[in-house]
Colleague: 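Here it is, the structure, as structure tokens.
These numbers were taken from a predicted model, which means no experiment stands behind them. Within every chain, numbering begins at 1; the chains are lettered A, B, ... in the order of the sequence lines, protein sequences first and strands thereafter.
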Amino acid sequence: MTDLLTMTGIVKEFPGVRALDGVDLDVRAGEVHCLLGQNGAGKSTLIRVLTGAHQPDAGTIHLNGEPVQLNSPTAAIQRGIAAIYQELDLVPDLTVAENIFLGHEPARFGFSRTHEATARAREILQGLGHAEIPTHRAVGSLPAAGQQVVSMARALSRDARLIVMDEPSAVLDPEEVSNLFRVIRGLTERGVAVVYISHRLEEIRQIGNRVTVLKDGATVATGLDARETPTKELIRLMTGRSIEYVFPPRNEVASTAPVVLEVDELTRPGEFAGIGFTVRAGEILGLAGLVGSGRSEVLETVYGARRAASGSVRVDGVALRPGRVQAAVKAGVGLAPEERKSQALLLDQAVYKNITVSTLQRFASGGFLNNRAEREAAAGLAKSLDLRPPGVDHPVRNLSGGNQQKVVLARWLLRDCRVLLLDEPTRGVDVGARSEIYALIRTLAANGVAIVLVSSEVEEVLGLSDRVVVLREGRAVHTGPAQAIDEHQVLDLVMEGSAV
Amino acid sequence: MMSEDITTPDTTGETGPDTTASSQATVTQPAAQRSANLLRSGVGRNLGLVVALVVLCIVGVITAGDTFATGANVLTILRLAAVIGVVSVGMTFVITGGGIDLSVGAMVALASVWATTLATQQLAADYHWILMVSTALAVGAACGLVNGLLIAYGKIVPFIATLAMLAAARGLAEIISDRKTQIITVNSFVDFFGGSLIGVPVLVWIFLLVAAAGWVVLNRTTFGRRTFAVGGNAEAARLAGIKVQRHTVALYVVAGLCCGIAAVMLMARTTTGSSTHGQLYELDAIAAVVIGGTLLSGGRGTIVGTVIGVLIFTTLNNVFTLNNLSISAQSVAKGAIIVVAVLLQQRLAARTTSS
Amino acid sequence: MMSEDITTPDTTGETGPDTTASSQATVTQPAAQRSANLLRSGVGRNLGLVVALVVLCIVGVITAGDTFATGANVLTILRLAAVIGVVSVGMTFVITGGGIDLSVGAMVALASVWATTLATQQLAADYHWILMVSTALAVGAACGLVNGLLIAYGKIVPFIATLAMLAAARGLAEIISDRKTQIITVNSFVDFFGGSLIGVPVLVWIFLLVAAAGWVVLNRTTFGRRTFAVGGNAEAARLAGIKVQRHTVALYVVAGLCCGIAAVMLMARTTTGSSTHGQLYELDAIAAVVIGGTLLSGGRGTIVGTVIGVLIFTTLNNVFTLNNLSISAQSVAKGAIIVVAVLLQQRLAARTTSS
Amino acid sequence: SNTPKTEDNADKAPANQAAVKNDEPGKKVKIGFSAPAADHGWMGAITKATQAEAKKYSDVELIVAEGTNDVNLQISQVETFINQKVDAIVLLPFDGAALTPVATKAMEAGITVINVDREFDSPFAARTTVLGDNHGMGVSAGTYICDQLKGKKDAVVAEIAGIDSLPLTQDRSRGFKEALADCGLKVSNRVAAEFTVESGEKAAANLLQAAPKIDAIWNHDDDQGVGVMAAIKNSGRKEFFVVGGAGSANVMRDIKSGNSLLKATVIYPSTQGADGIRLARLLVQKKALGDLVEVEVPRTVQLYAPVVTKENVDQYLPTAFES
Ligand SMILES: Nc1ncnc2c1ncn2[C@@H]1O[C@H](COP(=O)(O)OP(=O)(O)OP(=O)(O)O)[C@@H](O)[C@H]1O
Ligand SMILES: Nc1ncnc2c1ncn2[C@@H]1O[C@H](COP(=O)(O)OP(=O)(O)OP(=O)(O)O)[C@@H](O)[C@H]1O
Ligand SMILES: [Mg+2]
Ligand SMILES: [Mg+2]
């Protein structure tokens, strides 16, 4: 096999940060080349150099042996490079079909051919196993997973020789991931090369051919065999240390521990119905289910961000006023929402300001803020979460995706909550930080916080929670201790009766 | 602007902004249902505005029935709406594309002055009035081009760049005209644009044409799609291979061109070119565009809404004048009516989408 | 607005806008270095503006040295800056919080008229001029409250809500004053606000106080921090437990209050209240705020930048007057200078951050 | 003096003898001039005439400030003039009352202030005031219309005013109303425009709809009148006649031609600023106003508001302003 793409000595500097410091990457036609590295290692930056979104400060790129200059996304697209970016880059008010064909709309004399676009979009979505996504719906109204599918469809809509996928599976559930893999295999059979980024090592094993590992903006290993290289070795290459990738031991929840959160018959028509559960102090309740099963909606309703049509939420026995975030916050409920960019982050603000925004009162006397105290508190958390770069004065916008997620989490860890609602807390977080986060969640529970955890990784839900609730199409189909059920049973439960 | 963000979530809990009627439609809908949806969503989105306009008309009929409901008066309203309407169509493009243009009024003034200088009029008298028209269009487009270049390549915030153009273009218009009102002596020009076609004034035809063309371009062409994309998420548009900068320039040229057309219309209406033409058009146009439902932060825009917005403001003026209301009372009433119209629009829009 | 989106990415590929020098600072830095950073970042962000202002002053000194560089002239500039400066400080809050306020000029007019009615003046003459001041502040705050309620709870786009307030407040001012200029006969009022303290006019003191208070509130209090959060991402702010609606109302009340203060200052300067006061202050204030570096789409704002922005515009006026430029040429020059100042600001800001 | 086009009014046409003597160069005079924004033709003409007048004198240096409708800015312009130590200030205030304090300050600083068109509310704010006769304009227009409509009891008279919030507009309307009342008429329809061509056209278009039958229209301003006439032409209506205001050259030519609905106009001189310059110069150079026995320049000069009709238009056309 000849090399389709060779990148050598790529350097990219941002003010104050050397994101890429001499990276090499070579990709062959028809292979799935995996890119591994910790949060902030430079994976996304490398991808953006490859797609012409960033200009490298040094280094060369060869396509099919020819040196190329990719000085704009258009240039890269013209050379057959397509990408699914980590931060979904869709236009929320355009429809699904319009987003898929953005920039290369089927048109005659400048007039868009809507029917052709719709038909072709439907075809591509079908190929991705998502024929149910309506092509004329505004993308902004789709859930994160739906948007991810649209993003994939967009990459596929171009006749690309090389498709780059930056954490495409972060918001997908297991079934959808296998769907994605089917598509990828189809692509590689046709000789298309795929660069695949993920923090889930088991995915690398399933789909990858070769692996390149980045650390601190430099290539530390390349051409590793995706199936053969031991996990320990990969983690060591990425982090420089060895980490046991396991869940910390559970603390027993005393059956006498007071019930903190009681949710009863919570209903929002069209989203979920009759949801009820209780969480004791120190207990972790996991919500499992497919994407779209309504887990996020349940959390947001409990938090008051959505108003329940019926049903009640009680904290320490006191009913919360429905549809009032304030009431929930006052009662000591905190929500780490799933969409960090739109629901959580103040992108232009410094890291520490993002971390303290929910706890400002603590750092203020008479309304005046003590910046130093804020910075110190934030820095402490940044350290324990292994934030990279560790400074807390950068605007959050400049952080890598995984590190942004850590900032969101840090905000809620800082707050003394009675109830913590965590929606996909480890999305896009690397293995090293992941184990830190697990430990932190456990510590919080040990300190008496009632935690509700939503995650698309069944393993994580089972490994971390004490009890699980399984949701299917907005209804609870199973409630019970986490240890009494295994991954397959959960998957059976969530899939049961589904058309696929 | 914020409103969008705080508009929805608190009471209803919706976060998706565009849950119009079409969201229930499924993939396999038959064509008939699809067009019904289109109608429903089109009316639904603008229902409140239409209702506001109808209510206004009813008030007009009740308070000044004999004069309000005449064909002549309707044509008067349309003629008044025509000039600012054309400007507003251009403004809709710029705002949908995520920008703003404060210089529209000044561009109208400059174009009208340039197209009515003695030299231009002499040429037009010798050859054809089309020369005056092309001068106005060229001046408008050129100003738009400067705006666009400053914004897209000079990276100056649209508000500031077009504010600078406002000052500069009006100053230039004053210098060229020496602050004199330049009277048009080319009769063929005045006759053509002052005339009527099938009973409808030429100016109204121009307005209809520009609005229709604007609608088609915004909704049926790749240029329109890309305008939404650039306004909705410029970075995404760039990554999709759209030449965002070039597109931005084009949007401001469109706005400038519309100002050139509006200048021609104003020249025909007043038979003059003057540096005082088009005062405060920027506010009027932006108000019509925004009340029509175009998002000031970009990414969502509607020509139909803009046209209704323009009609609401002109009808309001007409009804006030017919009723001989004092100017001060007009102001207060205008403020109140705007608020009521928008509230109505929201409530009705919410109802149609939730049903 | 778009500019932000298309500003950065294309050529440089940067997306982070706020990479000031402070980004290297770590928590453990010594105090000296921290304050050096603060200085550097403060200057860095506004360096271009400061340079523009300095260049303007140098031009002033060269072209009209004997009068420009006198204390009296500096005070003239500051007095001129004071009124619009106070309005701009309020506007900075609203824009940083993701809104906009077009009604500032009208609120100034209404507050000035209300505070100078015969009845109010009679009361003030009988008791204390503080009654006139409180009337103006109350009227400003009340208008701001209405704006805020319409926007936060009525969910009307800020542009439209405040446009309605513009019309209504000016109309009301005309009705109250019967369109007559109301002359202030309470001498104690005029004497106090027209006077000086340590050689500096009371009006300038008020401006300094308001600006300082604005800076402290925006940068050192929870209220300010929340303003950034609400303007930067209202949904995130809401989910972080901030009372977004209540905060929004508060922001418009702040703007209204500033207009009340400005009305008092204008009353002192003109010894009148009038429905024609404050014309086009909305454009002037927004221009000063935006040229100062506050983001029109919210989430980023700077009082220092606003103050420099106001000073640039007022100094420009002063230099023009001193130099007797032809009036139309002044307009053209103004447009050109605005563009140059902004370009300068960008280039210099880019240099300091990349070094 | 030379070109009659931009200076000189009928009332002082014969003063040439003395004026020539006064015209001889004397001590250098630095004059500051400030006026509202030239957002309409008459205001533009005022500034132009003022500048043209100043150019005629080798001993006058004129400093013109940017026109503005912000009283705060205009006050600071006067302050700047004071800082510059000008000898005189010719001030057409946006709002007379609001500019009074700073004008008083200028007078106290020893600067001769000439108040033009919109009056200060204190006698200490200006040395001399040059005024048009706004109330008189209304009276003249009303009287003329009464004469033309004589006997017609239920005649419909419409009024197109200028910027309604200006005292001068209110004065004109008051005079008009009073004159009409004298002959038993009243204003049936009143709209206000903004002194611009465009606003005139807009206001007239609406007005013509509001009143299906009209006998006479008084339009306050001839520049906005261009738009008014365009709207009338567009409507095709001919049943009434129009009286203008201010007296632009265009309108006078129309009157002269005799085939226009415009039958008359009432003069409101746009040379007030120019007169202000002359008076300022005389005052600073301590000269007397020619043809007056009095050795001091008078405190108030109020210009006359004559009605121009086809009969006497030739007399006024040369001094009319080109708007
Ligand atoms: N626009 C920018 N300005 C400044 N620094 C940046 C910018 N973009 C990225 N960085 C920095 O570059 C480094 C690499 O970021 P990158 O996004 O490539 O990481 P990543 O490997 O994709 O991490 P993750 O797994 O978390 O997505 C980080 O330290 C980040 O803070
Ligand atoms: N792929 C999809 N295409 C279209 N609609 C979808 C899709 N996935 C979910 N939905 C709709 O979105 C709603 C809920 O989605 P949401 O993603 O919030 O659920 P969730 O269980 O919280 O999943 P996640 O945890 O991944 O966010 C459902 O009502 C469903 O109809
Ligand atoms: Mg990444
Ligand atoms: Mg979810």
Colleague: Counting only heavy atoms closer than 4.5 Å, note whether Ile286(C) contacts chain B via side chain, backbone, both or neither.
Modeller: both
Colleague: Are Leu149(C) and Tyr252(C) side-chain neighbours, meaning at least one heavy-atom pair lies under 4.5 Å?
Modeller: no
Colleague: Could you check which of Val342(C), Leu172(C), Ile160(C) has the highest count of heavy-atom pairs closer than 4.5 Å to chain B?
Modeller: Ile160(C)
Colleague: Heavy-atom cut-off 4.5 Å, strictly under: side chain, backbone, both or neither for Ile291(C) against chain B?
Modeller: both
Colleague: Applying the side chain to side chain contact (heavy atoms under 4.5 Å, CB included) test to Val289(C), which of Val310(C), Asp284(C), Thr294(C), Thr96(C) qualifies?
Modeller: Thr294(C)
Colleague: With a 4.5 Å cut-off on heavy-atom pairs, point out which of Ser275(B), Ala237(B), Gly154(B), Ala169(B) contacts chain C the most.
Modeller: Gly154(B)
Colleague: For chain C, which candidate among Val339(B), Ile95(B), Leu150(B), Val332(B) shows the most heavy-atom pairs at distances under 4.5 Å?
Modeller: Val332(B)
Colleague: Going by salt bridge (charged side-chain N to carboxylate O under 4.0 Å, His left out), name the residues that satisfy it together with Arg170(C), two or more places apart in sequence or in a different chain.
Modeller: none
Colleague: With distance as the sole test, does Gln245(C) use its side chain to make a donor-acceptor pair with the main-chain N or O of Ala152(C) at under 3.5 Å?
Modeller: yes
Colleague: Answer with side chain, backbone, both or neither: which region of Leu280(B) has an atom nearer than 4.5 Å to a non-hydrogen atom of chain C?
Modeller: side chain
Colleague: Name all residues meeting the salt bridge (charged side-chain N to carboxylate O under 4.0 Å, His left out) criterion together with Glu174(B); count only those two or more places apart in sequence or in a different chain, and write none if there are none.
Modeller: Arg179(B)
Colleague: What part of Leu163(B) gets closer than 4.5 Å to chain C, counting heavy atoms only: side chain, backbone, both or neither?
Modeller: side chain
Colleague: Given that the side chain runs from C-beta out, which part of Ala336(C) has a heavy atom under 4.5 Å from chain B: side chain, backbone, both or neither?
Modeller: neither
Colleague: State, yes or no, whether a side-chain contact exists between Ile100(B) and Leu296(B) at a heavy-atom distance under 4.5 Å.
Modeller: yes
Colleague: When only pairs under 4.5 Å are counted, which of Gly298(B), Ala287(B), Ala333(B) shares the most heavy-atom pairs with chain C?
Modeller: Ala287(B)
Colleague: Could you look at Ala161(B) and say if it's the side chain, the backbone, both or neither that has a heavy atom under 4.5 Å from chain C?
Modeller: neither
Colleague: Heavy-atom pairs under 4.5 Å with chain B are the metric here; pick the option from Gly299(C), Gly335(C), Ala329(C) that has the most.
Modeller: Gly335(C)
Colleague: Less than 4.5 Å apart, any side-chain heavy atom of Glu282(B) and any of Thr162(B)?
Modeller: no
Colleague: Check whether any side-chain heavy atom of Leu283(C) lies under 4.5 Å from a side-chain heavy atom of Leu283(B), and answer yes or no.
Modeller: no
